[in-house]
Amino acid sequence: MNPQGPVAQGQLDLMKLAITIMIVVLLVVFAIAAYVLVKFRRKKGQTEVPEQVEGNFKLEVIWTVIPLILVIVLAVPTVQQLSALGKDYTKDENALQVKVTAHQYWWEFSYPDLGVTTAQDLIIPTDKTISFVLNSSDVVHSFWVPSLSGKMDTNFAGDEDKKGTTNKFHFSAPNEGVYRGKCAELCGASHAFMEFKVKSVSPDEFDKWVASMKAPAVLPEDAQLAEKFKSACLSCHAVGDQGIAVGPNLTGIGSRESVASMLLNEREGQEGASVEDNLKEWLHNPQKVKPGNQMPDPSELGLTTDEVDAIAEYLAGYKLDYETNSAD
Ligand SMILES: [Cu+2]
């Protein structure tokens with residue numbers, strides 16, 4: 001109800017128009033009904049059947065034409081909006097192409113034209129239409145950023161024979177800010193915790209973000225810890241050009257809005273714990289934060305408590321320098 005972009009604004013305007021028309025119709029119909037109930041009720045001593053009236057050309061024309069006009073008033077902007085919402089930007093060179101892949105219970109965002117992949121925080125520039133291609137790696141999820149647009153299902157796109165429809169849609173976020181995103185399709189035990197953030201930044205900051213995402217990976221300084229991190233974490237995750245992207249990409253995780261989407265990192269004007277504390281909470285017991293997720297317990301990975309703390313400290317310090325008025 002608080003639109004921050006043209007798509008959400010158009011959708012809210014349609015809702016307002018439809019609700020206004022419906023309320024006016026409701027009030028008029030109820031007023032006429034109340035008037036008739038009072039005016040034509042049986043008076044004392046009245047026993048005869050009232051005069052029976054059938055067919056009134058003028059009235060019938062009125063109650064056919066008025067609804068017809070109302071339906072046209074609703075239909076014209078609705079059809080206009082629908083064709084605007086359905087416009088395909090996937091071949092538009094001025095749009096930013098983003099591939100969304102939903103996983104139980106996290107979001108992967110890749111920018112095919114930029115060669116960048118990230119997770120949980122979708123960074124977009126304020127000056128472009130963002131064109132989305134959406135799929136899922138497992139069950140059906142739904143991609144929803146209420147203040148920017150309506151929701152769109154993500155279907156499984158794994159095996160050729162079971163391939164679901166690849167959905168497309170678009171929105172833009174001309175105001176800088178962080179917008180909350182949700183999975184809007186019940187997808188398993190941690191569905192309610194499957195959040196993400198959309199961060200709209202200036203074009204300049206966006207370019208810096210892309211450059212810092214493409215910079216060589218920063219590994220833990222301690223050689224022994226770096227080896228542990230590679231063997232335990234980079235067998236599923238990636239940082240920069242290292243590791244594989246089965247799990248969420250961790251490049252610059254220290255700069256994100258949250259850890260595992262539910263543990264909010266403290267920021268100016270936002271409550272939360274430090275990134276490091278959140279990372280520790282998550283890494284020590286991932287199943288407690290998000291039941292049913294794919295992240296193994298650190299003990300299964302052969303990590304000691306101290307090593308987990310050291311990895312949390314390293315990841316918290318892995319920041320991307322791209323925000324002009326950044327607090328850090
Ligand atoms: Cu989901």
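Indexing begins at 1, ligand by ligand and atom by atom, following the structure's order.
For Lys43, the NZ atom sits in a packed shell: over 12 heavy atoms of surrounding residues, nucleotides or ligands are nearer than 6.0 Å.
The nearest N, O or S atom of Tyr105 is not closer to the Cu ion (ligand 1) than 2.8 Å. Taking backbone and side chain together, Cys187 holds an N, O or S atom under 2.8 Å from the Cu ion (ligand 1).
A perpendicular orientation is assigned to the rings of Phe143 and Trp107, their planes being inclined by more than 60° (bins at 30° and 60°).
Of the candidates Thr251, Leu250, Val246, His237 forms a side chain to side chain contact (heavy atoms under 4.5 Å, CB included) with just one, namely Leu250.
Of all the N, O or S atoms in His141, the one closest to the Cu ion (ligand 1) is ND1.
Remark: the backbone N or O of Pro203 is not paired with any side-chain donor or acceptor of Glu205 at under 3.5 angstrom.
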